[in-house]
Amino acid sequence: MTQQSDQHRDNLYATTQEMLVDFTFDERVATVFPDMIRRSVPGYGEIIALLGLFAEQYAQPDSTLYDLGCSLGAATLSLRRRIQAANCRIIAIDNSAAMVERCRENITHDLATTPVEVRCADIREVAIDNASVVVLNFTLQFLPPEERLSLLQRIHHGLRPGGVVILSEKLHFEPHERQQFQEQLHLAFKRANGYSAMEISQKRTALEKVLRPDTLEQHRARLTQAGFDRVEPWFQAFNFVSIAALK
């Protein structure tokens, strides 16, 4: 393995850390993020690739597509490359300056022509307006649970009739036996991708107060309460799901 690839490999938790702090999307994470998410989230690559089909089917002329919690811009690029409607634009938002910087670089090197505005901002404070497609790709799970409904209500209010929200999330399961079944498969997935028991344990501890997953039933109920007419889970790999909510 070359030195460059070593620098971009996720080894953030490969050594014992005397004091684990809460996980944050800082410069260290941004550097290794593609490797981290590929090795940690089953189905991530497929979800990203298929997001483009939603842009092709649901982007409306003269509308805005939003990527909320855009990280390095993978979802934005997938949307951008498949838009068929005229006069669309994409607004990509993340509150991590390190992520936003790299996202802008990735957009600059992309050959698609749909205009993209990348903002460093809190998605809870950004107005959603004239939207036809909104993506929250593993984003909502990092917000405090009590703030999730209000965000979805704001998105619904700013979404055009016929628009769609794509919500990808890690799931919690009930009863305990279902949760244990899914967790074991996810752990096997991470071990198969080269993570050690120590890495898995330390990262779990760093995330436990930051990433708080809901059940699929909670997602359905919240999206319905926010006003969406249809809620359609369209992809699942172990304890990770992507849901389409339509207005």
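FYI, the numbering just counts along the sequence from 1. The figures here come from the full heavy-atom set of this structure, side chains too, leaving out hydrogens, waters and symmetry mates.
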(message) If we count only N and O atoms by modelled type, under 3.5 Å, do the side chains of R89 and T64 hold a donor and an acceptor together?
(response) yes

(request) Could you tell me whether the side chain of R82 and the main chain of F54 form a donor-acceptor pair under 3.5 Å? (result) no

(message) Parallel, tilted or perpendicular, judged at 30° and 60°: which one describes the rings of F189 and F238?
(response) perpendicular

(message) Would you say that R119 contacts N95 through its side chain, given a criterion of any heavy-atom pair below 4.5 Å between the two side chains?
(response) no

(request) For a salt bridge (Lys or Arg N to Asp or Glu O under 4.0 Å) with E147, tell me which candidate from R124, R154, R212 qualifies. (result) R124

(request) Would you check if R220 and T215 make a side-chain contact, meaning some heavy-atom pair closer than 4.5 Å? (result) no

(request) Run the numbers on R222 and D214 for salt bridge (charged side-chain N to carboxylate O under 4.0 Å, His left out), then give the verdict. (result) CA-CA 10 Å; R222 186 185 292 119; D214 292 313; 2.9 Å; yes

(message) Any non-hydrogen side-chain atom of I47 less than 4.5 Å from a side-chain atom of F138?
(response) yes

(message) According to side-chain hydrogen bond (donor to acceptor under 3.5 Å, both in side chains), does anything in residues 181-194 pair up with another residue at least two apart or in another chain? List the pairs.
(response) Q179-E183

(message) Evaluate I166 against W234 for side chain to side chain contact (heavy atoms under 4.5 Å, CB included), listing each step before the verdict.
(response) CA-CA 10 Å; I166 307 301; W234 64 274; 3.9 Å; yes

(request) May I ask whether F142 and L151 are part of the same hydrophobic cluster, defined by side-chain heavy atoms of I, L, V, M, F, W, Y residues being less than 4.5 angstrom apart, directly or through others? (result) no

(request) Measure the spacing between CG of L140 and CG of L152 and express it to the nearest 0.5 Å. (result) 5.5 Å

(request) Begin with the C-alpha distance, continue with both residues' side-chain angles, and end with the deciding distance and a verdict on salt bridge (charged side-chain N to carboxylate O under 4.0 Å, His left out) for E208 and K203. (result) CA-CA 9 Å; E208 63 184 0; K203 187 177 181 183; over 6 Å; no

(message) Under 4.0 Å between a side-chain nitrogen and a carboxylate oxygen: does that hold for R81 and D110?
(response) yes

(request) Sort out for me which residue in S71, S168, S242 forms a side-chain hydrogen bond (donor to acceptor under 3.5 Å, both in side chains) with N137. (result) S168

(message) Checking H156 now: which residues fulfil ring pair (Phe, Tyr, Trp, His ring centres under 6.0 Å) with it, not counting sequence neighbours?
(response) F228

(request) List the steps, then state whether side chain to side chain donor-acceptor pair (under 3.5 Å) holds for D62 with N87. (result) CA-CA 5 Å; D62 306 302; N87 301 320; 3.1 Å; yes

(request) Decide yes or no for E117 and I90: does some side-chain heavy atom of the first lie under 4.5 Å from some side-chain heavy atom of the second? (result) no

